[in-house]
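Just the heavy atoms: all of them, side chains too, but no hydrogens, waters or symmetry mates, feed the values below.
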Amino acid sequence: MNAAVTADTAAAVRELTGGGAHLSLDALGSPVTCAASVNSLRRRGRHLQVGLLPSADGTTPVPMARAIALELEILGSHGMAAHTYPGMLELVRAGVLRPDLLVTSTIDLAAAPAALASLGTAPGAGVTVIEPWS
């Protein structure tokens, strides 16, 4: 699905998933993407919001009536302030911070559904990176 040409992405997700997604993640933080992500969920779904810009009228775009009616779980993180990126990236460049050490495995896109289904039950630590190009 291409969100640029889909009039109602939340409805399209609900249709494609047979009732809505179990989990949504919005890391863009725009009012439109936040609302669409929450509106795409099924009953008792979970939404993770990373950062959030206020709507033009200053309100929060989280559709709380839907969140309450469907018993949704809404989690939030403000993420990292953009003005701190240069310093952090300099630490990575200098080898002080080693995010590559967090990656313990890589899988191809075909293995992603099984990996997601096993979340919470699979042993191990670290980050698994999905390589869609492999």
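The residue from Arg44, His47, Arg46 that alone fulfils the side-chain contact (heavy atoms from CB on, under 4.5 Å) condition with Glu73 is Arg46.
Cluster membership for Leu102 and Val129, using ILVMFWY side-chain heavy atoms within less than 4.5 angstrom, is shared. Side-chain heavy atoms closer than 4.5 Å link hydrophobic residues (I, L, V, M, F, W, Y) into clusters, and following such links, possibly through other members, connects Val92 to Val96. When hydrophobic clusters are built by joining Ile, Leu, Val, Met, Phe, Trp and Tyr residues whose side-chain heavy atoms come closer than 4.5 Å, directly or via intermediates, Leu101 is not grouped with Leu91. Under the 4.5 Å side-chain heavy-atom criterion for grouping Ile, Leu, Val, Met, Phe, Trp and Tyr, Ile107 is connected to Leu109 within one hydrophobic cluster. Leu72 and Leu48 are not part of a single hydrophobic cluster, where members link through side-chain heavy atoms under 4.5 Å apart.
Closest approach of Ser118 and Ala115 over heavy atoms only: OG-O, 3.0 Å. Across every non-hydrogen atom of Asp26 and Cys34, the tightest pair is OD2-N, 3.1 Å. In this structure, Ala110 and Pro113 approach most closely via the heavy-atom pair O-CD, 3.4 Å.
Arg43 is linked by a side chain to side chain donor-acceptor pair (under 3.5 Å) to nothing, counting only residues two or more places apart in sequence or in another chain. Looking at residues two or more places apart in sequence or on another chain, you find a side chain to side chain contact (heavy atoms under 4.5 Å, CB included) between Ala36 and Thr9. Applying the side chain to side chain donor-acceptor pair (under 3.5 Å) rule to Ser40 yields no partners; only residues at least two apart in sequence or on another chain are considered.
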Can Gln49 and Val62 be said to form a side-chain contact (heavy atoms from CB on, under 4.5 Å), step by step? CA-CA 10 Å; Gln49 186 65 46; Val62 177; 5.9 Å; no
Could you go through the side-chain contact (heavy atoms from CB on, under 4.5 Å) check for His22 and Arg42 one step at a time? CA-CA 6 Å; His22 291 277; Arg42 67 179 57 231; 3.4 Å; yes
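Atoms CG and CD, on Asp8 and Glu15 in that order, are 10.5 Å from each other to the nearest 0.5 Å. Residue Leu116 holds its CG atom at 5.5 Å from CD1 of Ile130, rounded to the nearest 0.5 Å. Leu52 contributes atom CG, which lies 10.5 Å from atom CG of Leu28 (distance to the nearest 0.5 angstrom).
For Arg66 (side chain) and Leu41 (main-chain N/O), a donor-acceptor pair under 3.5 Å exists by modelled atom type.
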